*Asks:* 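Here's a structure for you.
Just so it is clear, the structure is predicted and the values come from calculations on it, not from any experiment. Naming: A, B, ... by sequence-line order, numbering from 1 per chain.
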2 protein chains.
Amino acid sequence: MKLSEGVEQAIHSVAMLAGLTRGGVLAAAALAEFHGVSPSYLLKHLQALSGAGILETVPGPKGGYRLAKTAEKITLLDVVLAVEGSEPAFRCAEIRQRGPNPVPEKPVRPCEINAAMLRAERAYRAELSRVTIAEILGEVAAHDTSGAVAARGCAFLELHERRSI
Amino acid sequence: MKLSEGVEQAIHSVAMLAGLTRGGVLAAAALAEFHGVSPSYLLKHLQALSGAGILETVPGPKGGYRLAKTAEKITLLDVVLAVEGSEPAFRCAEIRQRGPNPVPEKPVRPCEINAAMLRAERAYRAELSRVTIAEILGEVAAHDTSGAVAARGCAFLELHERRSI
DNA sequence: GATTTTGTACTCGGATAGGAAGTGTCCGAGTACACATGG
DNA sequence: CCATGTGTACTCGGACACTTCCTATCCGAGTACAAAATC
């Protein structure tokens, strides 16, 4: 029951990419530098996000990443599943069927324990799917009265954003 | 985002221990044999459950494990936390404070992303804490019209349970 | 025969190897710009 | 002066080592019974 470190990097990266203007892209190296993490490792997760249809890539010089859809349509669940994989956390190995006394019935009812665990995970995912990247940014802006955090991000984007036009 | 294999073993073991009569104990070797898993590995998790106050141990020959409290007071969350540890799955490394442009404010507000992830995890845990071992057993018994599953467990307990009296 | 002593077998407990997955890194394929060259 | 060809520099993409944690295992501490020795 632990999420990989890359999830946090991925979410922060998506949040930052949501701040650039339409048509602009940001190189993975810039994202890694801003967050102070390994560029190669971040790249790995950005590729996963790209494969999941959350990010778009622009190859070549002046290339980089941008959101593939609006921040309102990207939920935390999308990002988490893209990075961590979509398999449920609790994998019922049906150990009832092992051992010397296996459950005889072929059309075996799903294990009640498994059902309960999956219910809990559905609740977890539902909670995550309820939060969009746009809402996160809105929350941050609402509490950032001094504007320091926003200014920091904007300054960095001004410096590193690449507009194709 | 994946739970260890031992969680399932632990829950099944607790469920089985809930079936023995008051004062009776069951050896770890019997539990392992019934579930068809490695005795030494199961022992590891049973120790964790014992340390968490979920199970009681009786040393020596005729020894074994029993529940430390009634099945109504043991939730799935208790077992999961005992085996997996109680640290939250999402550990916010505060990567905002890394990199060349760290967040300046010292009393830094908790990261909104972290807050959202922890909210989701609270929902997950709340769902797990809502289900007790007793309820699981009740569900199984309710759907086990033929009584085959119950008979299997009872037969095994009759054979391996040890009463101290 | 009853009691004490000793031994053994069985239990849990913690410390110890092996393997899979996450973490971190590297080099290759592809593209756009810049420059040099020829018309 | 303009168009074209070439070279270079920069990007993402996938394949390759290293570390950490999960998986699996072994041996030691402690206890209850059983048997043997003694009173």
*Asks:* Among all residues two or more places apart in sequence or in another chain, which pass the side-chain hydrogen bond (donor to acceptor under 3.5 Å, both in side chains) test with A/Thr75?
*Replies:*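 side-chain hydrogen bond (donor to acceptor under 3.5 Å, both in side chains) list for A/Thr75, sorted by chain: A/Asp78.
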*Asks:* D/dC10 P sits how many Å from A/Leu26 CG, rounded?
*Replies:*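 Atom CG in A/Leu26 sits about 17 Å away from atom P in D/dC10.
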*Asks:* Who passes salt bridge (Lys or Arg N to Asp or Glu O under 4.0 Å) against B/Glu84, sequence neighbours left out?
*Replies:*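 Salt bridge (Lys or Arg N to Asp or Glu O under 4.0 Å) check on B/Glu84 returns nothing, list empty.
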*Asks:* Provide, to the nearest angstrom, the distance between the CD atom belonging to B/Glu56 and the P atom belonging to C/dC12.
*Replies:*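 Checked: the CD to P distance equals 14 Å.
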*Asks:* To the nearest Å, give me how far apart NZ (A/Lys62) and P (D/dC12) are.
*Replies:*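 After rounding, the reported distance stands at 14 Å.
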*Asks:* Find which nucleotide of DNA chain D each of A/Thr57 and A/Lys2 is nearest to by heavy atoms, and output the residue with the more 5' nucleotide.
*Replies:*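 Of the two residues, A/Thr57 wins.
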*Asks:* Whole angstrom is fine here: how far is it from CG in A/Leu49 over to P in D/dC12?
*Replies:*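 Atom-to-atom, A/Leu49 to D/dC12, this comes out as 13 Å.
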*Asks:* Starting from C1' on C/dG22, measure out to CD on A/Glu8 and report it in whole angstrom.
*Replies:*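 For the pair A/Glu8 CD and C/dG22 C1', the rounded distance is 16 Å.
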*Asks:* Counting only N and O atoms by type, is there a donor-acceptor contact under 3.5 Å from the side chain of B/Arg162 to the main-chain atoms of B/Gly63?
*Replies:*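 Answer holds: yes.
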*Asks:* The side chain of B/Gln47 lies closest to which of these nucleotides: D/dC21, D/dT23, C/dG13?
*Replies:*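 The answer is C/dG13.
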*Asks:* Using atom CG of A/Leu55 as one end and atom C1' of D/dG13 as the other, report the distance to the nearest whole Å.
*Replies:*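 The distance from CG of A/Leu55 to C1' of D/dG13 comes to 15 Å, rounded to the nearest Å.
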*Asks:* Quick test of your reading: applying salt bridge (Lys or Arg N to Asp or Glu O under 4.0 Å), list the pairs with at least one residue in residues 128-142 of chain A, sequence neighbours left out, ordered by first then second residue.
*Replies:*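 Passing the test, one end in residues 128-142 of chain A: A/Glu127-A/Arg130.
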*Asks:* Taking only side-chain N and O atoms of A/Ser50, does any of them lie within less than 4.0 angstrom of OP1 or OP2 on D/dC12?
*Replies:*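 It does not, given that no N or O in the side chain of A/Ser50 lies less than 4.0 Å from OP1 or OP2 of D/dC12.
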*Asks:* Output a table of donor-acceptor pairs, distance under 3.5 Å, between side-chain atoms of residues 44-53 of chain A and any protein atom two or more places apart or on a different chain; print 'none' if there are none.
*Replies:*
unit_1	atom_1	unit_2	atom_2	d
A/His45	NE2	A/Tyr41	OH	3.3

*Asks:* Is A/His160 reaching over with its side chain to a backbone N or O of A/Phe156, donor-acceptor style, under 3.5 angstrom?
*Replies:*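 Checked: no pair found.
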*Asks:* Could you tell me whether the phosphate oxygens of C/dT11, OP1 or OP2, come under 4.0 Å of any side-chain nitrogen or oxygen in B/Arg162?
*Replies:*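 Checking B/Arg162 against C/dT11: at least one side-chain N or O falls below 4.0 Å of OP1 or OP2.
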*Asks:* Report the distance from atom CD of A/Glu5 to atom C1' of C/dA21, rounded to the nearest whole Å.
*Replies:*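 It works out to 15 Å between those atoms.
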*Asks:* Could you pull out the protein-nucleic contacts involving nucleotides 25-30 of chain D (nitrogen or oxygen on both sides, under 3.5 Å)?
*Replies:*
unit_1	atom_1	unit_2	atom_2	d
D/dT25	OP2	B/Ser38	OG	2.8

*Asks:* Classify the nucleic acid contact of B/Ala29 as base, sugar-phosphate or nothing, counting any heavy atom under 4.0 Å across all strands shown.
*Replies:*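 B/Ala29: no heavy atom of the nucleic acid under 4.0 Å.
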*Asks:* Write down the distance between CG (A/Leu3) and P (D/dC22), rounded to a whole number of angstrom.
*Replies:*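 Going from A/Leu3 (CG) to D/dC22 (P), I get 13 Å.
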*Asks:* Taking only residues two or more places apart in sequence, or in another chain, which ones meet A/Asn114 in a side-chain hydrogen bond (donor to acceptor under 3.5 Å, both in side chains)?
*Replies:*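 If we apply the side-chain hydrogen bond (donor to acceptor under 3.5 Å, both in side chains) test to A/Asn114, skipping adjacent residues, there are no hits.
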